[in-house]
Amino acid sequence: MLLCRHVIWTLPAPERSLRAWVRLLCPGGRLVLVEGRWREAGARAQPYVAGAERLPWNGGAGAEELAVAIRPLIAELRIEPLSGDAALWGGPVDDERYAVVADL
C-alpha cells in the first residue's frame, strides 16, 4: 500500500507521479490519496507558498478531477468524502476533502 496525504497539489507533474506510484505497487496493491480542493469554489487568495500558483493543481484537486487522472492506471477506485467529519480536521471545514482508494 502507498499512502499520500495532501501531497498531489505540490507536484509540478502530478500525473507523472501517479504513474510512478502505481508502478511501485505489487499486483493487488492499493494507493490511498487523502486530498482536497482548498478554498472551495475556486476562491482566489494568496498562494500557500511562493511559486505555488504555477503548479497544475495549486489549491488542490477535486475528487472527480483526481479520479479521472488515476482511473486509467488502476482496476478499481472509490472516493470517500471526508469534509463532513470535523474531528478529522480539528473543526468544521467548508472545502472539499476526500480520500481516493485505488486498487490495482
Side-chain angles (χ1 to χ4, degrees):
M1 182 172 80
L2 193 148
L3 169 68
C4 289
R5 182 174 181 251
H6 308 306
V7 171
I8 203 84
W9 75 272
T10 69
L11 303 173
E15 290 91 350
R16 185 173 58 208
S17 296
L18 290 169
R19 287 190 302 273
W21 294 340
V22 167
R23 280 193 307 269
L24 291 172
L25 294 168
C26 295
R30 176 172 282 177
L31 175 63
V32 179
L33 304 170
V34 178
E35 293 294 336
R37 176 166 299 287
W38 323 123
R39 299 183 184 121
E40 190 55 47
R44 295 281 179 210
Q46 286 294 103
Y48 184 68
V49 294
E53 67 279 358
R54 294 188 300 271
L55 297 170
W57 285 343
N58 175 37
E64 285 305 319
E65 184 178 15
L66 184 52
V68 165
I70 199 166
R71 270 194 185 104
L73 308 173
I74 50 95
E76 297 207 22
L77 178 139
R78 77 176 185 276
I79 298 169
E80 299 286 337
L82 302 175
S83 296
D85 189 344
L88 294 173
W89 315 110
V93 296
D94 293 329
D95 46 20
E96 179 185 14
R97 299 185 189 189
Y98 59 90
V100 167
V101 180
D103 294 317
L104 271 59

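Atom set for the values below is all heavy atoms of this structure, side chains included, hydrogens, waters and symmetry mates excluded. Every value quoted in this text rests on a predicted model; they were computed, and no experiment measured them. Positions are given from 1 along the sequence.
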(message) Would you say Ile70 ends up clustered with Val68 if hydrophobic residues are merged whenever their side chains have heavy atoms under 4.5 Å apart, either directly or through other cluster members?
(response) no
Atom pairs and distances, side-chain donor-acceptor, residues 23-33, under 3.5 Å, sequence neighbours left out:
residue	atom	partner	partner atom	Å
Arg30	NE	Asp103	OD1	2.6
Arg30	NH2	Asp103	OD1	3.3
Arg30	NH2	Asp103	OD2	3.2

(request) State the CZ-CD distance between Arg37 and Glu64, to the nearest 0.5 angstrom. (result) 12.0 Å
(message) With a 4.5 Å cut-off on side-chain heavy-atom distances among I, L, V, M, F, W and Y, is there a chain of contacts connecting Val7 to Val22?
(response) yes
(request) Only one of Leu66, Ile8, Ile74, Val34 passes side-chain contact (heavy atoms from CB on, under 4.5 Å) with Val100; say which it is. (result) Leu66
(message) According to a hydrophobic-cluster definition based on side-chain heavy atoms being under 4.5 Å apart (Ile, Leu, Val, Met, Phe, Trp, Tyr only), do Val101 and Tyr98 belong together?
(response) no
(request) Consider only side-chain N and O atoms of Glu35 and Trp57, and report whether a donor and an acceptor are under 3.5 Å apart. (result) no
(request) Only pairs at least two apart or in different chains count here, so list each side chain to side chain donor-acceptor pair (under 3.5 Å) that has a residue in residues 75-91. (result) Arg78-Glu80
(message) Could you see if Leu82 belongs to whatever hydrophobic cluster contains Leu3? Use Ile, Leu, Val, Met, Phe, Trp, Tyr and a side-chain cutoff under 4.5 Å.
(response) yes
(request) Please report the closest heavy-atom contact between Pro56 and Pro14, naming both atoms and the distance. (result) CG-CD, 3.7 Å
(message) Membership question, hydrophobic clusters at under 4.5 Å side-chain separation (ILVMFWY): are Ile79 and Leu18 in the same one?
(response) yes
